[in-house]
Amino acid sequence: MPELPEVEVVRRGLRRWVSGRTVAFVEVLHPRAVRRHPAGAADFAARLTGHRIGEARRRGKYLWLPVEGADLAVLAHLGMSGQLLVQPQDMPDEKHLRIRIGFTDSPGPAALGEAAGTELRFVDQRTFGGLSLHGTVPGAEDGLPDVIAHIARDPLDPAFDDAAFHDALRRRRTTVKRALLDQSLISGVGNIYADEALWRTRLHYERPTATLTRPRTAELLAHIREVMTDALAAGGTSFDSLYVNVNGESGYFSRSLDAYGREDEPCRRCGTPIRRRPWMNRSSYFCPRCQRPPRPR
DNA sequence: ATGCTAACCTGATGGC
DNA sequence: TGCCATCAGGTTAGCA
(Lines give C-alpha, C1' and ligand atoms only; values in the text may rest on other atoms or scores of the structure.)
Protein backbone atom coordinates (compact mmCIF):
# COMPACT_ATOMS: atom_id res chain seq x y z
CA MET A 1 0.00 0.00 0.00
CA PRO A 2 2.34 2.43 -1.29
CA GLU A 3 1.55 5.88 -0.09
CA LEU A 4 1.37 7.44 3.35
CA PRO A 5 -2.36 7.04 4.10
CA GLU A 6 -2.32 3.35 3.15
CA VAL A 7 0.82 2.69 5.20
CA GLU A 8 -0.69 4.54 8.15
CA VAL A 9 -3.78 2.32 7.93
CA VAL A 10 -1.45 -0.67 8.20
CA ARG A 11 0.49 0.89 11.09
CA ARG A 12 -2.70 1.31 13.06
CA GLY A 13 -3.59 -2.30 12.43
CA LEU A 14 -0.17 -3.47 13.60
CA ARG A 15 -0.42 -1.33 16.72
CA ARG A 16 -3.71 -2.98 17.56
CA TRP A 17 -2.97 -6.59 16.60
CA VAL A 18 0.79 -7.03 16.91
CA SER A 19 2.36 -4.51 19.32
CA GLY A 20 2.93 -6.06 22.76
CA ARG A 21 3.13 -9.64 21.50
CA THR A 22 6.23 -11.83 21.69
CA VAL A 23 7.71 -13.52 18.62
CA ALA A 24 7.69 -17.32 18.82
CA PHE A 25 9.05 -18.12 15.36
CA VAL A 26 9.88 -16.53 12.01
CA GLU A 27 9.63 -18.29 8.68
CA VAL A 28 11.16 -16.67 5.58
CA LEU A 29 9.67 -18.26 2.47
CA HIS A 30 11.32 -16.03 -0.15
CA PRO A 31 14.86 -14.65 0.24
CA ARG A 32 14.06 -11.51 -1.75
CA ALA A 33 11.68 -10.40 0.98
CA VAL A 34 14.64 -9.95 3.37
CA ARG A 35 17.21 -8.71 0.83
CA ARG A 36 17.61 -5.48 2.78
CA HIS A 37 18.69 -7.57 5.76
CA PRO A 38 22.37 -8.04 4.90
CA ALA A 39 22.99 -10.95 7.28
CA GLY A 40 20.35 -13.08 5.59
CA ALA A 41 17.13 -14.90 6.38
CA ALA A 42 18.45 -17.17 9.15
CA ASP A 43 19.94 -14.21 11.01
CA PHE A 44 16.74 -12.23 10.59
CA ALA A 45 14.71 -15.04 12.12
CA ALA A 46 17.15 -15.75 14.94
CA ARG A 47 17.49 -12.17 16.11
CA LEU A 48 13.76 -11.55 16.14
CA THR A 49 12.65 -14.73 17.87
CA GLY A 50 11.88 -14.42 21.58
CA HIS A 51 11.52 -10.65 21.59
CA ARG A 52 8.51 -8.54 22.40
CA ILE A 53 7.25 -6.11 19.74
CA GLY A 54 6.90 -2.46 20.70
CA GLU A 55 4.64 0.31 19.41
CA ALA A 56 4.38 0.34 15.59
CA ARG A 57 5.88 3.50 14.05
CA ARG A 58 5.92 5.13 10.64
CA ARG A 59 7.80 7.74 8.65
CA GLY A 60 6.52 8.39 5.14
CA LYS A 61 5.99 5.01 3.48
CA TYR A 62 8.28 3.13 5.89
CA LEU A 63 7.02 1.54 9.04
CA TRP A 64 8.84 -0.27 11.79
CA LEU A 65 8.27 -2.39 14.86
CA PRO A 66 10.69 -1.75 17.73
CA VAL A 67 12.23 -4.96 19.08
CA GLU A 68 12.19 -4.63 22.86
CA GLY A 69 15.35 -5.51 24.76
CA ALA A 70 17.61 -5.12 21.72
CA ASP A 71 18.44 -1.79 20.05
CA LEU A 72 16.71 -3.04 16.94
CA ALA A 73 13.62 -2.51 14.86
CA VAL A 74 11.88 -4.55 12.17
CA LEU A 75 11.74 -2.18 9.22
CA ALA A 76 9.01 -2.76 6.65
CA HIS A 77 8.42 -1.32 3.23
CA LEU A 78 5.46 -2.49 1.16
CA GLY A 79 6.95 -1.58 -2.21
CA MET A 80 4.32 -1.72 -4.94
CA SER A 81 2.30 -4.70 -3.81
CA GLY A 82 3.26 -5.64 -0.24
CA GLN A 83 0.69 -6.48 2.42
CA LEU A 84 1.03 -7.08 6.15
CA LEU A 85 -1.84 -9.30 7.19
CA VAL A 86 -2.90 -10.57 10.59
CA GLN A 87 -4.39 -13.98 9.83
CA PRO A 88 -5.65 -16.94 11.83
CA GLN A 89 -2.91 -19.57 11.92
CA ASP A 90 -5.11 -22.15 10.23
CA MET A 91 -5.80 -19.89 7.26
CA PRO A 92 -4.30 -21.38 4.05
CA ASP A 93 -1.12 -19.64 2.83
CA GLU A 94 -1.57 -16.83 0.34
CA LYS A 95 -0.04 -17.44 -3.09
CA HIS A 96 2.59 -14.76 -2.56
CA LEU A 97 3.27 -15.33 1.13
CA ARG A 98 6.91 -14.33 1.75
CA ILE A 99 7.36 -14.18 5.54
CA ARG A 100 5.39 -15.61 8.46
CA ILE A 101 5.82 -14.42 12.05
CA GLY A 102 4.19 -16.40 14.85
CA PHE A 103 3.65 -15.29 18.45
CA THR A 104 3.94 -17.04 21.80
CA ASP A 105 0.34 -16.28 22.71
CA SER A 106 -1.15 -18.17 19.81
CA PRO A 107 -2.81 -20.48 19.96
CA GLY A 108 -3.81 -19.97 23.50
CA PRO A 109 -6.33 -18.63 25.96
CA ALA A 110 -7.85 -15.44 24.64
CA ALA A 111 -5.57 -13.36 26.84
CA LEU A 112 -5.17 -10.96 23.95
CA GLY A 113 -8.77 -11.06 22.90
CA GLU A 114 -9.31 -11.45 19.19
CA ALA A 115 -5.59 -11.37 18.45
CA ALA A 116 -5.03 -14.78 20.03
CA GLY A 117 -4.48 -17.49 17.46
CA THR A 118 -3.29 -15.11 14.76
CA GLU A 119 0.05 -14.66 13.02
CA LEU A 120 1.60 -11.83 11.01
CA ARG A 121 2.11 -12.46 7.30
CA PHE A 122 4.06 -10.47 4.76
CA VAL A 123 2.51 -11.09 1.35
CA ASP A 124 4.01 -9.46 -1.74
CA GLN A 125 3.31 -10.28 -5.38
CA ARG A 126 6.05 -8.21 -6.99
CA THR A 127 8.65 -8.54 -4.23
CA PHE A 128 9.65 -4.86 -4.32
CA GLY A 129 8.89 -4.64 -0.62
CA GLY A 130 10.43 -6.44 2.33
CA LEU A 131 11.32 -6.68 6.00
CA SER A 132 14.72 -6.21 7.63
CA LEU A 133 16.29 -5.66 11.05
CA HIS A 134 18.31 -2.55 11.78
CA GLY A 135 19.89 -0.64 14.61
CA THR A 136 18.23 2.56 15.74
CA VAL A 137 19.51 6.11 15.54
CA PRO A 138 21.03 6.96 18.94
CA GLY A 139 18.95 9.56 20.73
CA ALA A 140 15.97 9.30 18.37
CA GLU A 141 12.93 9.21 20.60
CA ASP A 142 10.90 6.97 18.29
CA GLY A 143 13.63 4.38 17.61
CA LEU A 144 14.12 5.47 14.00
CA PRO A 145 16.04 2.74 12.12
CA ASP A 146 19.44 4.05 11.02
CA VAL A 147 19.00 3.04 7.36
CA ILE A 148 16.10 5.46 6.91
CA ALA A 149 17.73 8.43 8.60
CA HIS A 150 17.97 10.04 5.14
CA ILE A 151 14.18 9.86 4.63
CA ALA A 152 12.60 13.25 5.24
CA ARG A 153 9.86 13.71 7.78
CA ASP A 154 6.40 13.41 6.26
CA PRO A 155 3.83 16.21 6.05
CA LEU A 156 1.69 14.75 8.84
CA ASP A 157 4.67 14.74 11.22
CA PRO A 158 4.29 17.66 13.69
CA ALA A 159 8.04 18.25 13.35
CA PHE A 160 7.89 18.71 9.57
CA ASP A 161 9.55 22.06 8.81
CA ASP A 162 7.44 23.95 6.24
CA ALA A 163 9.90 26.83 5.88
CA ALA A 164 12.86 24.52 5.33
CA PHE A 165 10.85 22.60 2.72
CA HIS A 166 10.12 25.79 0.82
CA ASP A 167 13.78 26.83 0.94
CA ALA A 168 14.80 23.40 -0.37
CA LEU A 169 12.31 23.72 -3.26
CA ARG A 170 13.72 27.12 -4.19
CA ARG A 171 17.25 25.75 -4.16
CA ARG A 172 16.44 22.80 -6.41
CA ARG A 173 16.47 22.99 -10.16
CA THR A 174 13.78 20.48 -10.79
CA THR A 175 10.02 20.32 -11.29
CA VAL A 176 7.39 20.21 -8.61
CA LYS A 177 6.15 16.64 -9.03
CA ARG A 178 9.67 15.25 -9.06
CA ALA A 179 10.30 17.12 -5.84
CA LEU A 180 7.13 15.75 -4.23
CA LEU A 181 8.24 12.22 -5.03
CA ASP A 182 11.75 12.80 -3.67
CA GLN A 183 11.58 11.07 -0.29
CA SER A 184 14.60 12.98 0.99
CA LEU A 185 12.69 16.28 0.63
CA ILE A 186 9.24 15.19 1.80
CA SER A 187 8.23 11.59 2.44
CA GLY A 188 5.03 9.66 2.03
CA VAL A 189 3.89 11.29 -1.22
CA GLY A 190 3.60 8.96 -4.22
CA ASN A 191 2.11 9.16 -7.69
CA ILE A 192 -1.54 9.27 -6.61
CA TYR A 193 -1.36 11.89 -3.89
CA ALA A 194 1.12 14.01 -5.86
CA ASP A 195 -1.39 14.27 -8.71
CA GLU A 196 -4.26 14.88 -6.30
CA ALA A 197 -2.46 17.61 -4.36
CA LEU A 198 -1.29 19.31 -7.57
CA TRP A 199 -4.85 19.25 -8.91
CA ARG A 200 -6.18 20.79 -5.69
CA THR A 201 -3.47 23.46 -5.82
CA ARG A 202 -4.01 24.07 -9.57
CA LEU A 203 -0.32 23.46 -10.24
CA HIS A 204 1.06 21.75 -13.35
CA TYR A 205 3.38 18.84 -12.57
CA GLU A 206 6.22 20.35 -14.60
CA ARG A 207 6.26 23.64 -12.77
CA PRO A 208 9.87 24.47 -11.80
CA THR A 209 10.20 24.43 -8.03
CA ALA A 210 12.39 27.54 -8.13
CA THR A 211 9.36 29.60 -9.26
CA LEU A 212 7.17 28.71 -6.29
CA THR A 213 6.39 31.55 -3.93
CA ARG A 214 6.15 31.00 -0.21
CA PRO A 215 2.32 31.28 -0.18
CA ARG A 216 2.11 28.83 -3.09
CA THR A 217 4.24 26.29 -1.24
CA ALA A 218 2.04 26.80 1.81
CA GLU A 219 -1.06 26.07 -0.29
CA LEU A 220 0.56 22.98 -1.76
CA LEU A 221 1.45 21.63 1.68
CA ALA A 222 -2.05 22.36 2.96
CA HIS A 223 -3.56 20.40 0.07
CA ILE A 224 -1.16 17.50 0.53
CA ARG A 225 -2.18 17.28 4.19
CA GLU A 226 -5.84 17.65 3.36
CA VAL A 227 -5.94 14.92 0.71
CA MET A 228 -3.94 12.54 2.90
CA THR A 229 -6.16 13.17 5.89
CA ASP A 230 -9.26 12.62 3.76
CA ALA A 231 -7.83 9.39 2.37
CA LEU A 232 -6.92 8.16 5.83
CA ALA A 233 -10.46 8.77 7.02
CA ALA A 234 -11.69 6.62 4.13
CA GLY A 235 -9.28 3.79 4.96
CA GLY A 236 -6.88 4.58 2.12
CA THR A 237 -7.03 4.18 -1.66
CA SER A 238 -7.59 0.78 -3.25
CA PHE A 239 -8.15 -0.07 -6.88
CA ASP A 240 -8.03 -3.81 -6.29
CA SER A 241 -7.38 -6.38 -3.59
CA LEU A 242 -3.62 -5.69 -3.61
CA TYR A 243 -4.03 -2.74 -1.27
CA VAL A 244 -5.63 -3.71 1.98
CA ASN A 245 -5.37 -3.19 5.72
CA VAL A 246 -4.05 -5.90 8.08
CA ASN A 247 -7.45 -7.54 8.01
CA GLY A 248 -7.51 -7.71 4.22
CA GLU A 249 -10.07 -4.94 3.78
CA SER A 250 -9.82 -2.27 1.05
CA GLY A 251 -10.18 1.46 1.63
CA TYR A 252 -12.60 3.36 -0.54
CA PHE A 253 -10.87 6.69 -1.22
CA SER A 254 -10.45 5.78 -4.90
CA ARG A 255 -13.99 7.02 -5.50
CA SER A 256 -12.98 10.43 -4.14
CA LEU A 257 -9.99 10.94 -6.44
CA ASP A 258 -10.20 14.07 -8.58
CA ALA A 259 -7.32 13.51 -11.01
CA TYR A 260 -5.55 10.18 -10.67
CA GLY A 261 -6.97 7.48 -12.95
CA ARG A 262 -9.62 9.82 -14.39
CA GLU A 263 -8.36 10.18 -17.97
CA ASP A 264 -11.08 11.63 -20.26
CA GLU A 265 -13.45 12.12 -17.34
CA PRO A 266 -14.60 15.70 -16.63
CA CYS A 267 -12.64 17.82 -14.18
CA ARG A 268 -14.82 18.22 -11.10
CA ARG A 269 -14.06 21.97 -11.11
CA CYS A 270 -14.40 23.02 -14.74
CA GLY A 271 -15.62 20.01 -16.71
CA THR A 272 -12.60 19.84 -19.00
CA PRO A 273 -11.54 16.21 -19.64
CA ILE A 274 -8.67 15.10 -17.41
CA ARG A 275 -5.56 14.20 -19.39
CA ARG A 276 -2.97 11.51 -18.83
CA ARG A 277 0.64 12.04 -19.86
CA PRO A 278 3.49 9.52 -19.82
CA TRP A 279 5.90 10.73 -17.18
CA MET A 280 9.00 9.02 -15.78
CA ASN A 281 7.89 5.53 -16.84
CA ARG A 282 4.49 6.12 -15.27
CA SER A 283 1.62 8.58 -15.70
CA SER A 284 0.61 12.05 -14.65
CA TYR A 285 -3.06 13.01 -14.56
CA PHE A 286 -4.05 16.66 -14.65
CA CYS A 287 -6.68 19.12 -15.80
CA PRO A 288 -5.32 21.01 -18.82
CA ARG A 289 -7.43 24.04 -17.95
CA CYS A 290 -6.98 24.32 -14.20
CA GLN A 291 -3.33 23.29 -14.29
CA ARG A 292 -1.66 25.30 -17.04
CA PRO A 293 1.80 24.20 -18.16
CA PRO A 294 4.67 26.51 -17.24
CA ARG A 295 6.34 28.68 -19.86
CA PRO A 296 9.11 26.76 -21.64
CA ARG A 297 12.44 27.70 -20.13
C1' DA B 1 26.98 17.55 -6.40
C1' DT B 2 22.70 16.90 -8.55
C1' DG B 3 19.34 15.09 -11.66
C1' DC B 4 17.64 11.45 -14.28
C1' DT B 5 17.13 6.62 -16.28
C1' DA B 6 16.97 1.78 -16.00
C1' DA B 7 16.33 -2.08 -13.42
C1' DC B 8 14.31 -4.86 -9.93
C1' DC B 9 9.46 -8.37 -10.13
C1' DT B 10 4.63 -10.56 -11.18
C1' DG B 11 0.19 -10.20 -13.03
C1' DA B 12 -3.74 -7.99 -15.49
C1' DT B 13 -5.41 -6.16 -19.65
C1' DG B 14 -6.09 -5.09 -24.44
C1' DG B 15 -4.91 -5.42 -29.40
C1' DC B 16 -3.98 -8.43 -33.19
C1' DT C 1 -6.71 -19.31 -27.88
C1' DG C 2 -2.26 -17.38 -27.85
C1' DC C 3 1.22 -13.97 -28.18
C1' DC C 4 3.02 -9.54 -27.50
C1' DA C 5 3.18 -4.97 -25.68
C1' DT C 6 1.84 -1.96 -22.09
C1' DC C 7 0.78 -0.70 -17.56
C1' DA C 8 0.71 -0.79 -12.26
C1' DG C 9 0.38 3.00 -6.18
C1' DG C 10 8.26 2.42 -5.17
C1' DT C 11 13.17 2.68 -4.52
C1' DT C 12 17.90 2.84 -5.78
C1' DA C 13 22.41 2.09 -8.18
C1' DG C 14 24.89 4.16 -11.38
C1' DC C 15 25.53 7.17 -15.11
C1' DA C 16 25.80 11.91 -17.25
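A note on names: the letters A, B, ... follow the listed sequences, proteins ahead of strands, and every chain is numbered from 1.
- Screening residues 143-153 of chain A for side-chain hydrogen bond (donor to acceptor under 3.5 Å, both in side chains) gives A/Arg153-A/Asp157 as the qualifying pairs, with residues at least two apart or on separate chains.
- Protein atom OH of A/Tyr243 is 8 Å distant from nucleotide atom P of C/dG9, rounded to whole Å.
- On the P atoms, B/dC9 is 24 Å away from C/dC3, given to the nearest whole Å.
- Remark: A/His96 engages no residue in a ring-ring contact (aromatic ring centres under 6.0 Å, His included) (not counting sequence neighbours).
- Rounded to an integer number of Å, the gap from A/Met80 CE to C/dA8 P is 8 Å.
- One interatomic measurement links the two molecules: CD of A/Glu263 to P of B/dG14, which rounds to 14 Å at whole-angstrom precision.
- Between the side chains of A/Tyr252 and A/Thr237, no donor-acceptor pair of N or O atoms lies under 3.5 Å.
- Per the geometry, CG belonging to A/Leu4 stands 12 Å off P belonging to C/dG10, to the nearest Å.
- Here A/Asp71 pairs with nothing under the salt bridge (Lys or Arg N to Asp or Glu O under 4.0 Å) rule; sequence neighbours left out.
- Considering only the side chain of A/Arg36, C/dT12 comes nearest among C/dG10, C/dT12, C/dA8.
- Using a 4.0 Å cut-off, some side-chain N or O of A/Arg282 falls inside it from OP1 or OP2 of C/dG10.
- Between A/Arg276 atom CZ and C/dC7 atom P the separation is 6 Å, expressed in whole Å.
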Between the protein and nucleotides 13-16 of chain C, list the N/O to N/O atom pairs that are separated by less than 3.5 angstrom.
none

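- Only the P atoms considered, B/dA6 is 14 Å distant from C/dT6, to the nearest whole Å.
- Counting non-hydrogen atoms under 4.0 angstrom, A/Tyr62 reaches the backbone sugars and phosphates but no base.
- Mapping A/Pro278 and A/His77 onto DNA chain C via the closest heavy atom, the residue that lands nearer the 5' end is A/Pro278.
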| query | Under a cut-off of 3.5 Å for both distances of each Watson-Crick or G-U pair, what dot-bracket string does DNA chain B give, using [ ] for crossing pairs and | for inter-strand pairs? | reply | .|||||||.|||||||
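- Listed by chain and residue number, A/His204, A/Tyr205 satisfy the ring-ring contact (aromatic ring centres under 6.0 Å, His included) test with A/Phe286 (two or more places apart in sequence, or in another chain).
- As rounded to whole Å, 20 Å separates atom P of C/dT6 from atom CH2 of A/Trp279.
- Between the CG atom of A/Asn281 and the P atom of C/dT12 there is a distance of 17 Å, given to the nearest Å.
- Evaluation of the ring-ring contact (aromatic ring centres under 6.0 Å, His included) rule for A/Tyr285 yields A/Tyr260 as partners, not counting sequence neighbours.
- Residues A/Tyr62 and A/Ile101 are members of separate hydrophobic clusters, defined by side-chain heavy-atom contacts under 4.5 angstrom among Ile, Leu, Val, Met, Phe, Trp and Tyr.
- At least one side-chain nitrogen or oxygen of A/Arg172 sits closer than 4.0 Å to the OP1 or OP2 atom of B/dG3.
- Remark: A/Gln183, A/Gly190, A/Asn191, A/Ile192 in residues 178-194 of chain A come within less than 4.0 Å of DNA chain C through at least one heavy atom.
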| query | How far apart are the C-alpha atoms of A/Lys177 and A/Asp195, what are their side-chain angles, what is the distance that settles it, and do they pass the salt bridge (Lys or Arg N to Asp or Glu O under 4.0 Å) test? | reply | CA-CA 8 Å; A/Lys177 186 170 172 183; A/Asp195 281 0; 2.7 Å; yes
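- With P as the reference atom, B/dA7 and C/dA5 are 16 Å apart, rounded to whole Å.
- Side chains of A/Arg207 and A/Thr211: a donor-acceptor N/O pair is present below 3.5 angstrom, by distance only.
- Using a distance-only test at 3.5 Å, with no hydrogens or angles considered, a donor-acceptor pair links the side chain of A/Arg216 to the main chain of A/Thr201.
- One can place CD of A/Glu196 at 13 Å from P of C/dG9, the figure rounded to the nearest angstrom.
- Regarding contacts with the backbone of C/dA8, a side-chain N or O of A/Ser283 is found under 4.0 angstrom from either OP1 or OP2.
- Of the candidates A/Leu78, A/Val34, A/Leu97, A/Leu29, A/Leu78 is the only one forming a side chain to side chain contact (heavy atoms under 4.5 Å, CB included) with A/Phe122.
- Legend: residues meeting salt bridge (Lys or Arg N to Asp or Glu O under 4.0 Å) with A/Asp43, ordered by chain and number and at least two apart, are A/Arg47.
- Nearest heavy-atom pair, A/Gln125 versus A/Arg98, reported as atom, atom and distance to 0.1 Å: O-NH2, 3.2 Å.
- Legend: salt bridge (charged side-chain N to carboxylate O under 4.0 Å, His left out) pairs involving residues 275-290 of chain A, not counting sequence neighbours, sorted by first then second residue: A/Glu263-A/Arg276.
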Which pairs, protein N/O on one side and nucleotides 9-12 of chain B N/O on the other, fall under 3.5 Å?
from	atom 1	to	atom 2	distance (Å)
B/dC9	O2	A/Arg126	NE	2.9
B/dC9	N3	A/Arg126	NH2	3.2
B/dT10	O2	A/Gln125	OE1	3.1
B/dG11	OP1	A/Lys95	NZ	3.2
B/dG11	OP1	A/His96	NE2	3.2
B/dG11	O4'	A/Gln125	OE1	3.2

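- The ring-ring contact (aromatic ring centres under 6.0 Å, His included) check on A/Phe165 picks up A/Phe160, with sequence neighbours excluded.
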